[in-house]
Amino acid sequence: MANRDSELGAVIFDVDGTLAETERHGHRVAFNRAFEKAGLADRWDEKLYGELLEVAGGRERILHYLRARRPEPPEEPERLAAELHKSKVEEFRKLIRSGGLEARPGVLRLIDELHGAGVALAVATTGTRSAVLELLECLRPGLAGRFTVILTADEAPAKKPDPQVYEMALSKLGLPASQVLAVEDSRNGLLAARNAGIPCLVTVSEYNAGESFGEADLVLDGLGEPGAPAEVLLDPHGVAPEGRVVVDTQLLRKLMRRAAG
């Protein structure tokens, strides 16, 4: 008999890098536009931005850069970081409205399938609420309505790997961690989920492919689509022995049972 404690009651998705590849041509561009609007010469190239992604949260990323990387740190870095981040959010929303961002392969298919199977869906992200809702609408009109819970930095200010956003999601879903699966793309996100006791599937993104995901329950290069399965990068529970897989509800239920031991 299946262990009811390991039943799949909900899936919690990260947003940036997980639902869509937003970092390289989305957030990074928006940060640079914010610097330009402020009359600053600072620009983040792709290599530097990849390094800065180790710092979770946009305002925190700017503040870290101002303090550690800028030749002449401003006298009030906290104030400047807050102003730049507000401008960056506005620029990112403009980029979203331009329609240049798309869902990663398999994302919309899996969300629809889980919703149809009665599995609750949630979002847990360090992004701002306004930008997250706009991005969801951009990926597909009405997509936000698929999610029972949407938690952002506006509601959970402690950034990943702090588990705050996941602990809040569990509370709002009314489910134990053993019945919830997180889908992330970064080590910070993975650790946030695991720190909340939640099993985690990692679908590595462009910028995070080189990170360590040893604590994950399954690591793939994506979710896969029929005819274009995802490559298995780490499979400690042996749920995808053939090395390539299309993630569906059945696979996630199998993963939860195996992860429960």
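Just so you know, residue 1 is the first one in the sequence shown, and it goes up from there. Keep in mind that the numbers below use all heavy atoms, side chains included, and drop hydrogens, waters and symmetry copies.
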**Message:** Assess the residue pair Leu40 and Arg70 against the criterion (side chain to side chain contact (heavy atoms under 4.5 Å, CB included)); give the C-alpha distance rounded to whole Å, side-chain angles, the decisive distance to 0.1 Å, and a yes or no.
**Reply:** CA-CA 11 Å; Leu40 301 174; Arg70 207 164 186 267; 3.4 Å; yes
**Request:** Any chance you could lay out the side chain to side chain contact (heavy atoms under 4.5 Å, CB included) test for Ile150 and Leu136, step after step, and finish with the verdict?
**Result:** CA-CA 11 Å; Ile150 297 178; Leu136 293 175; 4.0 Å; yes
**Message:** Between Tyr65 and Glu60, does the side-chain hydrogen bond (donor to acceptor under 3.5 Å, both in side chains) criterion hold? Intermediate values first, please.
**Reply:** CA-CA 9 Å; Tyr65 168 80; Glu60 291 80 3; over 6 Å; no
**Message:** Between Asp185 and Thr18, is the side-chain hydrogen bond (donor to acceptor under 3.5 Å, both in side chains) condition met? List the steps.
**Reply:** CA-CA 5 Å; Asp185 76 300; Thr18 302; 3.2 Å; yes
**Message:** Test side chain to side chain contact (heavy atoms under 4.5 Å, CB included) on Ser205 and Glu21; report intermediate values, then the result.
**Reply:** CA-CA 7 Å; Ser205 60; Glu21 290 280 12; 3.5 Å; yes
**Prompt:** Where do Val89 and Ser130 land on the side chain to side chain contact (heavy atoms under 4.5 Å, CB included) test, with the steps shown first?
**Reply:** CA-CA 9 Å; Val89 170; Ser130 60; 4.1 Å; yes
**Asked** Should Glu90 and Lys86 be marked as a salt bridge (Lys or Arg N to Asp or Glu O under 4.0 Å) after you check the CA-CA gap, both sets of side-chain angles, and the distance that decides it?
**Response** CA-CA 7 Å; Glu90 294 173 355; Lys86 181 179 179 180; 5.3 Å; no
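In terms of hydrophobic clustering, with Ile, Leu, Val, Met, Phe, Trp and Tyr side chains grouped at heavy-atom distances under 4.5 Å, Val123 and Leu135 are assigned to a common cluster. Hydrophobic cluster membership differs between Leu181 and Leu175, with clusters built from Ile, Leu, Val, Met, Phe, Trp and Tyr side chains linked at under 4.5 angstrom. Hydrophobic clustering (ILVMFWY, side-chain heavy atoms < 4.5 Å, transitive): Val204 and Leu191 are in distinct clusters. Cluster annotation: Leu233 is connected to Phe213 through the hydrophobic network of ILVMFWY side chains, with a link wherever side-chain heavy atoms come within less than 4.5 Å. Linking Ile, Leu, Val, Met, Phe, Trp and Tyr whenever their side-chain heavy atoms come within less than 4.5 Å leaves Leu133 and Val149 in two separate clusters.
A salt bridge does not link Arg258 with Asp217: every distance from a Lys NZ or Arg NE/NH1/NH2 to an Asp or Glu carboxylate oxygen is 4.0 Å or more. Between Lys37 and Glu91, at least one side-chain N (NZ, or NE/NH1/NH2) sits under 4.0 Å from a carboxylate O, which counts as a salt bridge. A salt bridge between Asp248 and Arg253 is absent, with no side-chain N of the basic residue lying under 4.0 Å from a carboxylate O of the acidic one. Checked for salt-bridge contact, Glu155 and Lys172 miss the test: no charged N lies under 4.0 Å from a carboxylate O. Between Arg61 and Glu54 there is no salt bridge, since no side-chain nitrogen of the basic residue lies less than 4.0 Å from a carboxylate oxygen of the acidic one. For Lys47 and Glu51, the salt-bridge test passes: some basic side-chain N is under 4.0 Å from an acidic carboxylate O.
The CG atom of Leu108 sits 6.5 Å away from the CG atom of Asp112 when rounded to the nearest 0.5 Å. Interatomic distance, CG of Asp154 versus OG1 of Thr126, reported as 11.0 Å (0.5 Å rounding). Note that the CG atom of Asp162 and the NZ atom of Lys160 stand 11.0 Å from one another [nearest 0.5 Å]. Note that the SG atom of Cys200 and the CD atom of Glu215 stand 10.0 Å from one another [nearest 0.5 Å]. With values rounded to the nearest 0.5 angstrom, Leu8 atom CG is found 6.0 Å from Leu252 atom CG. Annotation: the span from Leu48 atom CG to Arg28 atom CZ amounts to 10.0 Å, rounded to 0.5 Å.
Annotation for Glu46: atom CD counts as buried by contact number, over 12 foreign heavy atoms lying within 6.0 Å. For Glu102, the CD atom is loosely surrounded, since the number of other residues' heavy atoms within 6.0 Å does not exceed 12.
Taking each heavy atom of Ala117 and Thr249 in turn, the nearest pair found is CB-CG2, 4.2 Å. Closest heavy-atom contact between Asn208 and Ser186: ND2-CB, 3.4 Å. Across all their heavy atoms, Glu225 and Arg109 have their closest contact at OE1-NE, 2.8 Å. Here the closest heavy-atom approach between residue Leu173 and residue Ala120 is recorded as CD2-CB, 4.1 Å. Heavy atoms only, all atoms of each residue included: Ala216 and Val219 are closest at CB-CG2, 3.6 Å. For the residue pair Gly197 and Ala177, the shortest heavy atom distance occurs at O-CB, 3.3 Å.
The side-chain heavy atoms of Pro161 and Asn188, taken from C-beta on, include a pair separated by under 4.5 Å. Contact check for Val180 versus Leu170: side-chain heavy atoms found under the 4.5 Å cut-off. Residues Arg97 and Cys138 have side chains not in contact (no heavy-atom distance under 4.5 Å, counting atoms from C-beta outward). Two residues are said to be in side-chain contact when any heavy atoms from C-beta on lie closer than 4.5 Å; Val247 and Leu220 meet this criterion. Under the 4.5 Å side-chain criterion, counting only non-hydrogen atoms from C-beta, Thr152 is not in contact with Thr128. Here the side chains of Asn32 and Glu36 are not in contact, with every heavy-atom distance at 4.5 Å or above. Looking at Arg244 and Val232, their side chains never come closer than 4.5 Å, going by heavy atoms from C-beta outward. Contact annotation: the side chain of Val239 approaches that of Leu218 to within less than 4.5 Å [non-hydrogen atoms, C-beta and beyond].
The main-chain N or O of Leu121 is never found under 3.5 Å from a side-chain atom of Arg146 such that the two would form a donor-acceptor pair. A donor-acceptor contact shorter than 3.5 Å is absent between the side chain of Glu231 and the backbone of Asp221. Looking at Arg187, its side chain does come within 3.5 Å of a backbone N or O of Ser212 through a donor-acceptor pair. Within the 3.5 Å criterion, the main-chain N or O of Ala240 finds a donor-acceptor partner in the side chain of Asp235. Remark: side-chain polar atoms of Arg104 are paired, donor with acceptor, to backbone N or O of Gly17 under 3.5 angstrom. Between the side chain of Ser87 and the backbone N or O of Leu84, no donor-acceptor pair lies under 3.5 Å. Under a 3.5 Å cut-off, the side chain of Gln164 and the backbone N or O of Ala158 do form a donor-acceptor pair. Panel note: side chain Glu137, backbone Leu143; no donor-acceptor pair is recorded below 3.5 Å.
Screening Val11, Leu223, Leu19, Leu139 for a side-chain contact (heavy atoms from CB on, under 4.5 Å) with Ile111, the sole residue that qualifies is Leu19. When the options Arg129, Arg93, Lys94 are evaluated for a side-chain hydrogen bond (donor to acceptor under 3.5 Å, both in side chains) with Glu134, the one that passes is Arg93.
A cation-pi contact, defined as under 6.0 Å to the ring centre and within 45° of the axis, links Arg24 to Tyr207.
At a cut-off of 3.5 Å, with distance as the only test, a side-chain donor of His27 or Lys88 sits close to an acceptor on the other residue.
Taking the ring centroids of Phe31 and Phe92, they lie at or beyond the 6.0 Å cut-off.
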